Structure formats: C-alpha cells, structure tokens
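Just so you know, these numbers come straight off a predicted model, no measurement behind them. One-based numbering, in listed order, for ligands and for the atoms of each.
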Amino acid sequence: MNFELKTLDLAGAAALKCDALVVLVTANFKPGADALSNQVALALKADDLQSKPGKLLVLYRPMGTQCVRAVLVGAGEGTAKQVRQALVAAMGTLRSGAAGEKKLVVCFASNASAQAVQVAVSTLAEASYLYTTTKPKAAADAVTLGRVTLGVPLAASVKPAFTQAVATVAGVEMAKEWANRPANHATPTLLAQAARSLSRLPKITCEVLGPKEVAKLGMGSFMAVAQGSEQPLRFIVLTYSGAAKAQAPTVLVGKGITFDTGGISIKPAAEMDEMKYDMGGAASVLGVFRALAELKPAINVVGLIPTCENMPGGRALKPGDVVTSMSGQTIEVLNTDAEGRLILCDALTYAERFKPRAVVDIATLTGACVVALGHVRSGLFSASDELAKQLLAAGEASMDLCWRMPLDDEYAEGLKSNFADVANIGGRMGGAITAAKFLQRFAGKFDWAHLDVAGTAWKSGAAKGATGRPVGLLLEFLLANPIAKSAAKPRTKKANLVAKT
Ligand code: BES
Ligand code: MN
Ligand code: ZN
C-alpha cells in the first residue's frame, strides 16, 4: 500500500478522483461553503449521520464529488481511539475482490492530531493486510488498497508523525509476515536469510553465526535447546548505524524459536500449531530494522536473534540436564518447555560486548503472561525506573501498550537448584515474573528491560494471526529517546547524589 499526506479541506477532497472517499466527522464539525460540507451538515441535522465514533452513512457518487462512493463516518472528538473505531467501521463497508476499491481518500473534516494521523495509517494498513505466502489465492477476495491519500487541515504539522507511521507499517508488516509463516517456511536458516536481506538497506549490516561459531562463544544454553532439531541454529547480529561510532547502541534481543513443541516436556496437541509464532520477538526486531532503514534516525541499534527449533528427539535436551551458559552460570533444565529463557540468556551475555546504553529483550516467553495481562498489554519488566518509564510512554504514544510488572527478589526463590547455579523454572505461580527473574541474572552489566509479548504478538480465534507488535512501541522508544537525551539524565542524577552526600 502506498500512503500520501496532503493538506485538504472537504472541497479539496471532493475534487480528487477516487474509488472511495472516507470523511471523518467529529462533533465540532464546521461546514465550509462546498457541496460535500453541505451534505455532511444536512445529514447531521437530519440525524442520518452522527458524530458518534463508528456511525456511518454511505453515499453513491454524491453530487459535486469525484468519488464513486463517499463514506461519512462519525469520529467522536477525534481522539486516536475514536479515529481507529471510525476507520475500522469505514473499512468494513469497502468492497473486496477485483471490483474492490483501489484508490482511497481519507479526509479529516476538522482537526487531526499527530496521534490520530498515526492511528489512521496503522488502522488502514491493518484492515487491508493480507498474508499470501502460503495462500496466494487469498488475494482474490480481499480488500486491496493501492493508494491511500490522507487529507488533513495542515499537513506540515503532522508530517513527522505520518512518516513514522508509514515506516512503522513497513516494519509491522515484515514482523507479521515472518510470524505468520509456518515453521517449515520460517526455519532458523530462512529467518537468517531475511535478516541478511535487510543489510541491503541503508546503514544496516548483518552477520550470521552458525553452530560452530556459537559453540566457540560458549553458548552452551542456547546450543542445548537447538540440539534436538535437524535444523541448525543461527545467531543473527544486526546493526543499524545512524550515529557516530562512539555513541553507545541500544540492543534489542528477540526470541527466535521458530517452533516450540516443548521438547521432551512436550506440549499438548491442541493449538500447538500456534507455536510457530514463538519467534514473534525475533520478527519484531527484524521489523524495527526495516523501519529504521526507512527513517534513518541518528541513533545506533544492535539486534540480536538467537534462533532455533525446540524439538523432542534422540539427541534432545532432557529434564534434569545441566548446561553451562556463556556467562559461566550452570543451569538445571527442569522443564525443556521453558526454552526461551535458555536461548535469551546467552544472547544477553553476548550483548555485553556492545557496552549498550540499554538492552531490551522481546519474547513470547510465558503462557503465564497471557493469563496475567491477556491480549491488550505486553508485560514489561525492568529494574530501571527510567527505562521502564520510557518504554511505558512509548507504548502509550504508539498505542502499542505495555504494563510494568514486579521484579522483587522473593520471586527468584523457586529458581534455586541443588545441582546447578540456577534452575530454568520456578513453580507455577507468577510464572511470567520468575521467567523475568531468570533473565535478570544474565543482565547485570547494563540497563535492561524485558517485554513478554506472548499475549500481544498473536491473535487467536477466527482472525488468527500475527499482530506485528511490539514494533510500534520499540520504534517509538528508540526515536523518542536518542542517546544525547538519555545520556544526559544519569549524569545529572549522579551529580545530584554527589551534591547531597
Ligand atoms: N513459547 C512458550 C510461551 C507461550 C505460551 C507463548 C503461550 C505464547 C503462548 C514458552 O516457551 C513456554 O512454553 N513457556 C512455558 C514455561 C513453563 C514451562 C515454565 C509456559 O508458559 O507454559
Ligand atoms: Mn516453550
Ligand atoms: Zn517458547
């Protein structure tokens, strides 16, 4: 899909030739002197149209316009949520298949905030997204928009938000593509190829390590998870260099289990197919890099993706096995289904070499997080109040929400082992937190946050599929907190401390 942003009033929108013209009508709508404004005003007066979000009226070739159909839709006070509601309703009226709308104009009849524009772009992209890789015929009866023109009263004021939103869509769609692909079309090798293809984009490099290199690094924990599979593991290192070398990078670590059977601690059959999205964290890292290449911000970012399958088999890891992580800590594997933390811990140790300003790992880590937070907010864990604040704010701004969870040391009690430095599970209760406490042991050398996206990276049910989350959150976090700003903060804090003591 192709987006463009234009300064348009209703008269201007009416003059554009298009298949469908969507007019977002807010409560404070003030009609101009043009024919379309007049129609909207009359419809409102007759109560055939209301500004209530999602209420709509469809007109066929209305006089004085160049569109085939006009969809007048209520958008409440024009808040981001209401705009999303309005556009979901409007998109529901569009026709699919060969006769469907190709050129769409969406016009904000009155004010359009930056966040409303952002949400308009993401909602339109979401509504017309289609997975076709292993179902090419799906395209025949889908709404396939070619070109979308967003008309706002003043394009210049919302241009940066628009540009970020369009880049986010590219990243979200890449993340969805890879998370949606079945595991036989998204092996660790194929995922690494996808990462490699990103290095053709500006400012991005990609290095892919295989079993030999990973063994040499001493990633015994990661290797142990991979050993049950015929598919060789890959360790992907992406870099985006938008700033001077001296600027410490933010490191993103994505869990890349391309299929999670549970291993010897095998999962039940029902819905096991969905475990193809256990590389949703990895997919979101790829998506962020895709978007960075488009926006070219002056920051440095490293992406680390440990990727393998978690399979049972003659060579597979067994409950009770003790493995040695790259950090030197030994781990007793009491449940082979708690494999995400086993591959992430070695990636976290590897992250130390970048002397990062912060490390954020993204993982479909626990079913317990889905129980705790459902599908609305991702679980956020961090011992750093500053980092947590930045990520929470980025979630709100991008409408890709998260919620901070605790990290009290008492939650680590259950991870004690008689046979190793730590066990990989800590009892049934508070499972999302004990998983985070496990990771925290490997993140002592930098500011760290963990996002558990088990509930948010995927939708179950009839509309089953990947969501592309948390690409929007991560991108907003990276763009809103460039190094100069965040480096200044700890320094002032320290200065304050010194002054006080
Ligand atoms: N990939 C799963 C977590 C998961 C569950 C993601 C449901 C998405 C939806 C993870 O590897 C896992 O199996 N976790 C176990 C941990 C347990 C054995 C301590 C879980 O959540 O049951
Ligand atoms: Mn598992
Ligand atoms: Zn898993």
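Contact annotation for Lys255 and ligand 1: only side-chain heavy atoms (C-beta onward) come within less than 4.0 Å of the ligand. Of the heavy atoms in Ile425, only side-chain atoms (C-beta onward) come closer than 4.0 Å to ligand 1.
Thr336 and Ser265 form a side-chain donor-acceptor contact under 3.5 Å, judged by distance and modelled atom types alone. Side-chain contact annotation: Ser398 with Gln118, donor-acceptor N/O pair under 3.5 Å absent. A side-chain N or O of Glu309 and one of Ser229 form a donor-acceptor pair less than 3.5 Å apart.
For Lys52, the NZ atom counts as loosely surrounded, since its 6.0 Å shell holds 12 or fewer non-hydrogen atoms of other residues, nucleotides or ligands.
The pair Lys464-Asp273 counts as a salt bridge, with a side-chain nitrogen and a carboxylate oxygen less than 4.0 angstrom apart. Between Lys176 and Glu126 there is a salt bridge, with a side-chain nitrogen of the basic residue lying less than 4.0 Å from a carboxylate oxygen of the acidic one. Under the 4.0 Å criterion applied to side-chain N and carboxylate O atoms, Glu294 and Lys203 are not assigned as salt-bridge partners. The pair Asp421-Arg441 fails the salt-bridge criterion, with no side-chain N (NZ, NE, NH1 or NH2) lying under 4.0 Å from an Asp/Glu carboxylate O. Taking a cutoff of 4.0 Å between a charged side-chain nitrogen and a carboxylate oxygen, Glu410 and Lys437 do not qualify as a salt bridge.
Considering every non-hydrogen atom in both Met279 and Lys276, the closest pair reads SD-O, 3.3 Å.
Residue Asp278 approaches ligand 1 through these ligand atoms, each under 4.0 Å from one of its heavy atoms: 1 (N), 11 (O). Which parts of ligand 1 touch Glu339 is read off a 4.0 Å heavy-atom cut-off, strictly below it: atoms 11 (O). Close approach of ligand 1 to Thr364 is summarised as follows: ligand atoms under 4.0 Å from at least one heavy atom of the residue are 1 (N), 2 (C), 3 (C), 6 (C).
If you check which protein heavy atom lies closest to atom 7 (C) of ligand 1, you get Met275 CE, 3.8 Å. Scanning all protein heavy atoms for the shortest distance to atom 15 (C) of ligand 1 gives Asp337 O, 4.0 Å. Protein heavy atom nearest atom 16 (C) of ligand 1, with residue, atom name and distance: Arg341 NH2, 3.8 Å. Scanning the protein for heavy atoms near atom 10 (C) of ligand 1, the closest one is Leu365 O, 3.2 Å. In terms of protein heavy atoms, atom 2 (C) of ligand 1 is closest to Asp260 OD2, 3.5 Å. Protein heavy atom nearest atom 20 (C) of ligand 1, with residue, atom name and distance: Gly367 N, 3.9 Å. In terms of protein heavy atoms, atom 18 (C) of ligand 1 is closest to Asn335 ND2, 3.5 Å.
Residue Lys267 places a heavy atom less than 4.0 Å from ligand 1.
For Tyr350 and Phe235, the distance between ring centers is under 6.0 angstrom.
Between His450 and Trp448, the angle of the ring planes stays under 30°, which puts this pair in the parallel group of the 30/60° scheme.
Taking only nitrogen or oxygen atoms, main chain and side chain alike, Tyr277 does not reach within less than 3.5 Å of ligand 1. For ligand 1, none of its N or O atoms has an N or O atom of Thr366 under 3.5 Å away.
Partners of Trp178 according to the ring pair (Phe, Tyr, Trp, His ring centres under 6.0 Å) rule, which considers only residues two or more places apart in sequence or in another chain, do not exist here.
The Zn ion (ligand 3) sits nearest to atom OD2 when only the N, O or S atoms of Asp278 are considered.
Within the 4.5 Å cutoff, side-chain heavy atoms of Met326 are placed close to those of Leu217.
Angle OE2(Glu339) to the Zn ion (ligand 3) to NZ(Lys255): 90° [nearest 10 degrees].
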Pair Asp278-Lys255, salt bridge (charged side-chain N to carboxylate O under 4.0 Å, His left out): steps then yes or no
CA-CA 7 Å; Asp278 211 15; Lys255 172 179 173 183; 3.0 Å; yes
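Sorted by chain and number, the protein atoms of type N, O or S within less than 2.8 Å of the Mn ion (ligand 2) are Asp260 OD2, Asp337 O, Asp337 OD1, Glu339 OE1.
Among the backbone and side-chain atoms of Asp260, an N, O or S atom lies under 2.8 Å from the Zn ion (ligand 3).
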